[in-house]
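The structure appears right after this line, and notes come after that.
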Amino acid sequence: MPQSVGGQGEGACFVDDVGVGGEFVHEQIGLVVLAVGFTLLALAAGSATPGTNWLSFLPGVVVGGLGMGLTVAPLAQLTLEKVPARHAASGSGLFNTIAQLGASVGVALFGTVFFAQLSTHAGEPTGGCATAFTATIWGSLLLLAITFAVSFLLPRKEAVSTPA
């Protein structure tokens with residue numbers, strides 16, 4: 001819930017361009033904020049014990065939600081802005097299909113990592129959950145770093161001059 005609320009609230013505030021450094025700045029800032037949230041989660045999980053309170057994870061969830069809002073909220077606009085109106089339904093359908101496919105592959109990939117780590121570290125005090133969660137988050141951070149680097153290769157819009 002905190003991630004959803006944080007993500008929607010923050011994303012709604014930054015749908016327009018931030019105005020510094022290029023047109024993908026808010027997505028890139030979102031990736032960095034999401035990485036900070038994931039790091040907070042990994043650190044909380046790394047020090048977790050069976051008695052760890054859920055509030056230990058709340059900062060990472062909220063910061064991660066803010067990063068998701070900055071990254072995901074403008075994706076549809078960014079992806080579909082050059083699709084002609086007559087193809088809007090097809091473009092939207094393709095966008096949603098690819099988003100769902102990506103989510104499914106991500107869940108399968110990181111679920112495999114999580115359960116492989118869980119079975120390997122089952123004898124730990126947390127039953128391996130802390131180690132498995134931490135490994136999964138670090139893997140997610142690696143993909144976020146790659147996504148951040150690749151975001152600089154996205155094509156830029158041509159500069160539009162406005163009459164004075």
Side-chain angles (χ1 to χ4, degrees), residues 2-46 57-118 130-162:
Q3 188 171 19
S4 303
V5 172
Q8 294 303 317
E10 189 69 20
C13 294
F14 288 97
V15 171
D16 292 330
D17 286 336
V18 175
V20 290
E23 64 192 83
F24 304 115
V25 169
H26 52 282
E27 288 89 351
Q28 291 162 337
I29 292 170
L31 290 170
V32 171
V33 173
L34 183 56
V36 169
F38 278 10
T39 301
L40 292 172
L41 284 171
L43 293 173
F57 296 92
L58 189 60
V61 171
V62 170
V63 172
L66 296 176
M68 286 292 287
L70 284 169
T71 305
V72 175
L75 268 182
Q77 178 184 0
L78 176 69
T79 305
L80 298 172
E81 69 184 352
K82 292 190 178 185
V83 174
R86 68 181 184 278
H87 296 298
S90 298
S92 176
L94 180 61
F95 171 78
N96 288 319
T97 300
I98 296 300
Q100 293 298 317
L101 180 63
S104 299
V105 170
V107 167
L109 172 70
F110 287 110
T112 301
V113 170
F114 179 85
F115 286 109
Q117 290 292 316
L118 187 63
T131 302
F133 183 74
T134 303
T136 305
I137 292 294
W138 290 124
S140 298
L141 278 165
L142 175 64
L143 287 182
L144 280 175
I146 292 168
T147 303
F148 181 76
V150 169
S151 73
F152 288 97
L153 302 175
L154 291 171
R156 304 290 180 198
K157 292 180 188 175
E158 295 177 18
V160 178
S161 60
T162 56

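Below, all heavy atoms of this structure are taken into account, side chains as well, without hydrogens, waters or symmetry copies.
Within the model, atoms CG of L34 and CD of E27 stand 13.0 Å from one another, a figure rounded to the nearest 0.5 Å. Distance CD1/I146 to CG/L141: 11.5 Å, rounded to 0.5 Å. The CZ atom of F38 lies 10.5 Å from the OG1 atom of T136; values are rounded to the nearest 0.5 Å. Between F148 atom CZ and T71 atom OG1 the span is 10.5 Å, to the nearest 0.5 Å.
Between A45 and A130, the shortest heavy-atom contact is O-CB, 3.2 Å. The nearest pair of heavy atoms linking Q117 to A132 is CB-CA, 3.6 Å. Across all their heavy atoms, L31 and L144 have their closest contact at CD2-CD2, 3.7 Å.
The side chain to side chain donor-acceptor pair (under 3.5 Å) contacts involving residues 142-151 comprise Q28-S151, where partners must be two or more places apart or lie in separate chains.
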Show me, pair by pair, the donor-acceptor contacts under 3.5 angstrom made by side chains of residues 90-114, not counting sequence neighbours?
| from | atom 1 | to | atom 2 | distance (Å) |
| --- | --- | --- | --- | --- |
| N96 | ND2 | S92 | O | 3.1 |
| T97 | OG1 | G93 | O | 2.8 |
| S104 | OG | Q100 | O | 2.9 |
| T112 | OG1 | A108 | O | 2.7 |

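Taking the ring pair (Phe, Tyr, Trp, His ring centres under 6.0 Å) definition, one finds that F115 meets it with nothing, sequence neighbours left out.
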